[in-house]
Each structure stands twice: as C-alpha cells, then as structure tokens.
4 protein chains.
Amino acid sequence: MGEHVEVGGKVEKRWTRRKDARPAEIVAAALDCFAERGFAGTRLDDVARRAGVTKGTVYLYFPNKEELFKAVVRETLLPHLDRVLGGLEGTPEDPRERIRQAFDFLSGKLLGTPLAVIPKLVIAEAGNFPEIARFYLDEVVGPVRAFLADAIHRGVELGHFRAVDPDHAFYTLIAPLLLAALWQNSLGPHDDRPLDGAAMIRQHLDIVFRGLAPEAPAPGRKERLP
Amino acid sequence: MGEHVEVGGKVEKRWTRRKDARPAEIVAAALDCFAERGFAGTRLDDVARRAGVTKGTVYLYFPNKEELFKAVVRETLLPHLDRVLGGLEGTPEDPRERIRQAFDFLSGKLLGTPLAVIPKLVIAEAGNFPEIARFYLDEVVGPVRAFLADAIHRGVELGHFRAVDPDHAFYTLIAPLLLAALWQNSLGPHDDRPLDGAAMIRQHLDIVFRGLAPEAPAPGRKERLP
Amino acid sequence: MGEHVEVGGKVEKRWTRRKDARPAEIVAAALDCFAERGFAGTRLDDVARRAGVTKGTVYLYFPNKEELFKAVVRETLLPHLDRVLGGLEGTPEDPRERIRQAFDFLSGKLLGTPLAVIPKLVIAEAGNFPEIARFYLDEVVGPVRAFLADAIHRGVELGHFRAVDPDHAFYTLIAPLLLAALWQNSLGPHDDRPLDGAAMIRQHLDIVFRGLAPEAPAPGRKERLP
Amino acid sequence: MGEHVEVGGKVEKRWTRRKDARPAEIVAAALDCFAERGFAGTRLDDVARRAGVTKGTVYLYFPNKEELFKAVVRETLLPHLDRVLGGLEGTPEDPRERIRQAFDFLSGKLLGTPLAVIPKLVIAEAGNFPEIARFYLDEVVGPVRAFLADAIHRGVELGHFRAVDPDHAFYTLIAPLLLAALWQNSLGPHDDRPLDGAAMIRQHLDIVFRGLAPEAPAPGRKERLP
DNA sequence: CATGAATGAGATTTCATTCAT
DNA sequence: TATGAATGAAATCTCATTCAT
C-alpha cells in the first residue's frame, strides 16, 4: 500500500493532519452528495472520497449519517442566514423598492450558488427529517415570508398596491425564485432550453408589480419599471 | 394453508380480489412510500405491506425496484396526462380564458390529489433517474410549457398582453401552482399556517393577468376580471 | 456460485426452508460461540456458519446481537428451569436426603451438558448485561438458594445439623458444583489433571454432611454415608 | 501547547508525574476495564481515558491489545504471587492450622482487592487466551492446589483427617473462596443480599474441618490414604 | 514522551432479490 | 398466483493501530 494518494488530481501524503479544515470539507462534500442522490441514496464512502478522507474520518467528526445530514443543512444555511436575512432589512421605504432589493439579494445569494440545492434537499427529505423541516420553516421560510408579506401589507396600506391577501401574494412573489433554484438542481440539467434565472426574475417582478398596482390610474403617479 | 376454502358447501378461491387490480394497488402503495421517503429510502417491504401483499408478489409484477419506481411515475402520470393535456386544448380563443381554464384544470387535477406528489418525486430523484427526468420533461413540462407559452404568445400578438418573454412568463404563471403541490407534500404538514392553494391560485392569476395587461393609456379597454 | 453447500460434512441444498427448526439451531450455535469467545468476541458470521445459515438468516429471527444473546441465555435456561427446580421439590423429609437428591439432580442436569456453560457466560457478561444478571439471580440463583438454605434451616431446626448460618452454608454446599461447571468450560481443558466432577461432588457432600452433624455424638444415631 | 510551563519564575517540566508510573497506571486501568467488559468488549480508548492518557500512549508501552491483556494478568498477579504463595509456606505443623492460615492469607489478599477480578477474567477469557489459561494454571492454581492438597494429605497421614481424596477435597476447600471472588465481580452487585465473604469463609472452614475430622470412636487411629 | 487525527480492516446491520413451497 | 424463508452484496459503523506533530 503506497504512501501517497491521489486526491483531485493532486498527489498528497496520507496522514495529513488538518483538523480545522476537515469538518467543513466533509460538510461540503456531503452537501454535494446529498444534493445529487438524496439522503438514503448517498453512501458515506462517496462523501469520504469526495472529501479526500476515509470513512473513519467522517465518523471522527459526525456521530452518524443522520447527524451529518443535519449538520450539512445547518452549516450550509447558517453562515448565509444572517447575511441574507440581514440583507432584507434594507432601508428603502417604498415597498416595491424593498421587495426588489430583497429579490436582488435573494437571487444573488441563491441562484447559481451551492446554497441553491438546500431547498431541494429540504423538500425531498422533509418526510424523513421533520426536525430539519421545522428548522427550515423557522429559520428561513418564516423570516422571508414575514418580510415579504409585511412589505406587501405596507404597500397596500400606503396605497402602492391594490388590496390583496399578503400571504397569498407572498407565494406569487417567491415561487418563481424557488422554482428556479429547484430547476437548476433537478430538471434543468436535462432540459435543452437553458433558463436564465436572473432575467426571468426581472420580468417576474415587473409583471407582479404591475399586477399589484392600484386599480385606478392614480393621476400623477409615475410607475418606474426598469 | 390450502389454496381453497370451503364456503357454504362450495369450494371457492381463497383470494377473490381481482388479480388484475394487484399491480395498480402495488403502484399506488409505492407512490405513497416513494413520496414519503424517496426512492432509496423506501423499503420494498413497506410497499408490499401497504399494498396488502408480500414482497414476493411485488416481484411478480415488477422486475426490480427501479422498474417499479419508473412504473409508479409513468402509471400515475399517464392516465391523467391525456385528460390534463387534453383539457388544455380547450376551445376559448381569448388567451386569458384559455389560461384560466387550464389552471382550473391543472389545480383541480393536481392540488390535493395523489398526483401532486409526483413533482416532488421527480425533482428529488432527477439526479438518480435521468430517464424519468427526461420523461417528465417531455411528457409533462414540455406540453404544459408549450401550451401556456403559446397562449401568452398569442395574447401578446392579439394585444391582450404586453410584450413579454413568453418562456419567462411561463415560470411566473406556473411556479405558484407547482410550489403549492410541493408544499403540500413537504413543508406544509410541518407548518402551522395552512395554505389554501385554490384561493392563492385565484389571486395569483388575478395579479398576473393585470400585470400582463397592456399599458393603461389605451382607452376603451374593458378589463374583465371576475 | 454453486447450488450446494457443505454443512457439517454433508452436502445440502441452499434455500432449504426449515422455519421451525431455525431459531433453535441458531440459538444452539450461538450458545457455543458465546461460551467459547464471550459476547463481544463472537462474530455473527461464526454463529451463522455454525448454524448452517447466513448472517441474514440470523437477523430474520433476532433483531440484533444483544437480543440473540439474551435469547440464548433464556432459551437455554428456560426448558431446564422447570425440570431442575421442579426436581428440587423432592419429597424426602430428611434434610440430608433432600439436599443429596437435589445435588444429584443439579449435577446431572449441569455437569457435562451444554447447560454448564451458562454460569460462565452469566458471570463473564454480568457487567455488560445487567438484565441477564438479574434474570439469572431471580430465576436460578434465587430458587436454588431458597431451596438449599431452607433445607439447611430445617435440618438445624430438626436437630440434624448444628446451628449454622444457612445462607453462608449455602455457599459451602453449592460452590464446588458451580466451580466444576466453570472449570469444565474454562481452565479444565488446559489442565492435565482431569476432574471427575461427580466423584468430587460425592465426597464433597460427605464431608459437608459430617461437618454439619450435631456436636454431641448423639447416641443411637446411624450415619449412613455411601 | 508547549512542553514547558513557567511556574514561579522557574521553567518546569509540564508532566512532573513519574513517567515510570505510567505503565502501571495503564495496567491498573486496563484491569478494571477488562474485568468489567471482558477483553473484546474493552476499548483501548476507555483504558486510556481511565488511565488519564491517550490511546497513543498505551501503544508506547504495549505493542498491542493482546499483550496489554497478558501484561494485565501477569502484572496484577506477579507482585502478589510471591507473597501469597510465600505466605502459604507458613510454619505451623498442624495441617488445620496450615490451611486456616493459608485461607486467612488468601481471603485477605483476594476478597475485596483488585486481585479478585483476575479469576473471573481468566475464566472468561481462557477460551481466547490459552496461554493465559496455562500461565494461571501453572503459577496460581498449581501451587495453591499443591499446597492445600499436600496439607490435606499430611493431615490424613497424621491422623488429623479422615481418609479422603486430597485432590477432591481441595475443591471442597477452595470453591467458596473462589466463588466469593467471582460473585463480588459479577452477580453480587446485582443481588440485594450482600455477601459477607470473610464470615462465610470462617464458617466454611469450620464445617469442612469438622467434616474432615476422623471418625469419633477410634481413638489413636492412623488413617493412611494412598 | 505524549498526543490525537487519520486510517482501514472488519464488525454489525439492512434490504433488494431469489426461489422452494 | 402468492408466499415468506433464505440469501448475499452492500451499507453503516467501530475500533485497534499508525504516525505526523
């Protein structure tokens, strides 16, 4: 048995000690695997190999597969949560601006980043991991829904929007963003027509803002849509 | 245990249940299991038990787990496909009516029915079953997208809609319906706020149709929105 | 892969169905293994091979190794318990006769039978299986101790024995029997001097009965010791 | 973490504990673990933790688990062997006194000391460690048996005892002592009736000595047994 | 000397699949 | 057709052992 192994095209020594880096590397590798094959479909051997370690090392940092899964969701989400939800707390008073800014943030943070696989993972495994489902509801869905529904609500109150149910409108607003994230990690790669998520989202907001505009052609109002 | 029982002096088959129903029962049971736990997370034992048969019987009708999975998706989809896609071929010339009618159809066929778990299943397993992914793209996504994008396109041409990209607008239209279906089979059960999918969809169409309406200045326009 | 396997020198078909026989065969095989190597030292593979089945079959009947172990102790003990403890309920009024008869029974049931490995097993694994320890105390040690201590007690009351502590005398009585059982399954096989357990026990009872005889040379008493 | 710490202005070795003590500490810790869980059931990690060191350190002193086990039995036994067996070589000519003194010694050295777990360990692992079995037979069982059997033999020759088989009588004599040691380290802790080993042994010797006493009537008899 | 991260062989356990009945 | 005992490959998990620091 040789003294060296090839990892990602690079020859490395066995027995390299990198305590601090390991857990994060394993979590990253696991995220990829879980996203590709789901929880049950992922073999710890694959996670280990992808992380450039052996199975034993995975168990050095995570007591079992289930805890690794939870760690993956949490760890992948947590560092972004503050920034994303913090990003929502933008200043603009105008509800449309608030929403648009939030969407810029969300789509920037979500689409095309590894974070985008999390929704798929959570949706797919909610049945097996109620704990994760609730965590995601509390920490992600809840705040985002609160922020957007509140913005819509204020838009209605301030006369920028028609009288709509803010909670239902929330789905109208958010669904295409989520769908784009799911698409990229499921059917997208098998589809021949590529989806330009950012462009789609731009037009989406445009349509929805017009759809939310007050009934009467409020005289003197200037709709500015980029 | 013998193959026959004597009932009232007559020898009868022990299992009188129509044997032709068996495969369908197994598929139905499998759909539930796959939807709950995913492909790899589902044990054939569970499928069998839920179908009221034994594992061996499953293998009588399906050569292996993978084929059972494909059968589930196909069989669950196929009997609806014609009706749904046929239903899309509704007559109304007015694009908004066409779309509205299609949505009535789709949400009626999807939300709250066992069919609603299919999208989740396909999204979750697309990585493991490219064949299924392509089948779903070809047989479901494609036609629906073609129909809706075409309706939008014609709406634009006929002056009912503003000039929008029909492919992108398709996502704006369809996303909340899909999201509702996913929600019901993943996070919904863990959320304390129930989602009234039909009501949401109604308002959604309302918003989108207004958002697609041509620029206001054209006087003499008759917006008819229920 | 051949259609036949060699089990115990005999060629047998694979896939022989013997539902009723299996659990007992597995328990018997496991008893041997556990007795030889202890709980942790026993590989389920060995148990399976010795029982002429595969690992999977073991798990068909026992949920895990621990339950198999408990089953082994219980099942090995239970069928003998009634007979052994029942055998204690001998009729003779004379305490010495009661005790002697009980010892005949116990040594007949214990020495040289597979039952003899149980004490070793229980002693060795009491630390890991408190449940087994208590079971053995309750079901085996308790009754035997009660019977013998009671016989001694009555012997004292009736004037057949000196005034001794029956509980302590119980150890004097029983220890060599137990030691013989332990010996046969541990050091005995490595010793060059074979131990004739039955003979040893005979002399043991002789010594102890004399040692328990009342102080004064009770006139007219006839000690009959074989 | 540096190898040195500054204490009161002076640089001192961080680990001031005598390094010579380490192996003994590890052996002591291992004895406890092996006694509790058996050889295979003991994790080197536990041994290390109990000894206040790390696994690596164990390997500094013992080439592997098996050697550690052998070392435990040997090291635990050896320092006592001389004293115990030496103690047996007591002066008294009277065989009963010789035996009683030996028992005082043995029960003092065995009961309630860490030495008492060795018999359990040896009995439990004799199957896996024939070498240990033979070592124990040669170094412990042999000398003790020789001493006691010889004492009994001489007792018979000198007319202090009846004509008995010394080898069998050896078991009658020693069994309760051994049983007490086993009991304390296996079932005893799970029993609600505590065993006063010393008291039991006292009465035991009393009974056995009486049981070995020559037949009353024959004054001046000299029993000679082959 | 001592550490403890990393290893990898081997154990337990699961479960899709087979096949005698 | 239906069963379910039996299989065996592959998964998860454990832990004695190694070695860079």
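These numbers were taken from a predicted model, which means no experiment stands behind them. Each chain gets a letter, A, B and so on, in the order its sequence line appears, and its residues count up from 1.
- Put simply, CZ on F62(C) is 18 Å from C1' on dT14(E), counting in whole angstrom units.
- A straight line from CG of D45(D) to P of dA6(E) spans 15 Å, rounded to a whole angstrom.
- With a cut-off of 3.5 Å on both Watson-Crick or G-U wobble distances, the partner of dA10(F) is given as dT13(E).
- At a threshold of 4.5 Å between non-hydrogen side-chain atoms, the residues V72(C) and I26(C) do not count as touching.
- When rounded to the nearest whole Å, the span between OH of Y59(D) and P of dA5(E) equals 17 Å.
- Note: CZ (F69(B)) to C1' (dT17(E)) measures 19 Å, nearest angstrom.
- A cation-pi arrangement is found for K65(A) relative to F39(A), the charged atom lying closer than 6.0 Å to the ring centre and inside a 45° cone about the ring normal.
- Taking side-chain N and O atoms only, Y61(B) has no distance below 4.0 Å to OP1 or OP2 of dT1(F).
- Checking dT7(E), dC13(F), dT7(F) against every side-chain atom of N64(A), the shortest atom distance belongs to dC13(F).
- With a 3.5 Å ceiling on both atom-pair distances, the Watson-Crick or G-U wobble partner of dT18(F) is dA5(E).
- The distance from atom CD1 of I26(C) to atom C1' of dA6(F) is 10 Å, rounded to the nearest whole Å.
- Nearest-nucleotide mapping onto DNA chain F: of P63(D) and A40(A), the residue sitting toward the 5' end is A40(A).
- Nearest-nucleotide mapping onto DNA chain E: of G41(B) and K65(C), the residue sitting toward the 5' end is K65(C).
- V122(C) places none of its side-chain heavy atoms less than 4.5 Å from the side chain of F135(C).
- Within 4.0 Å (heavy atoms only), L44(C) reaches sugar-phosphate atoms of the nucleic acid but no base atom.
- Per the geometry, CZ belonging to R49(C) stands 10 Å off P belonging to dA11(E), to the nearest Å.
- Taking side-chain N and O atoms only, R43(A) has no distance below 4.0 Å to OP1 or OP2 of dA10(F).
- A straight line from CZ of R22(C) to C1' of dA6(F) spans 8 Å, rounded to a whole angstrom.
- Between the side chain of K55(B) and the base of dT3(F), no donor-acceptor pair of N or O atoms lies under 3.5 Å.
- Residue T57(A) is the one, among F39(C) and T57(A), whose nearest nucleotide of DNA chain E lies closer to the 5' end (criterion: closest heavy atom).
- With rounding to the nearest 0.5 angstrom, the NZ atom of K120(B) is 14.0 Å from the OG atom of S186(A).
- Straight-line distance from the CG atom of L60(C) to the P atom of dT13(E): 15 Å, rounded to whole Å.
- With respect to the salt-bridge test (charged N to carboxylate O, under 4.0 angstrom), the residues E67(C) and R74(C) do not qualify.
- Distances shorter than 4.0 Å separate none of the side-chain N or O atoms of T54(C) from OP1 or OP2 on dA6(F).
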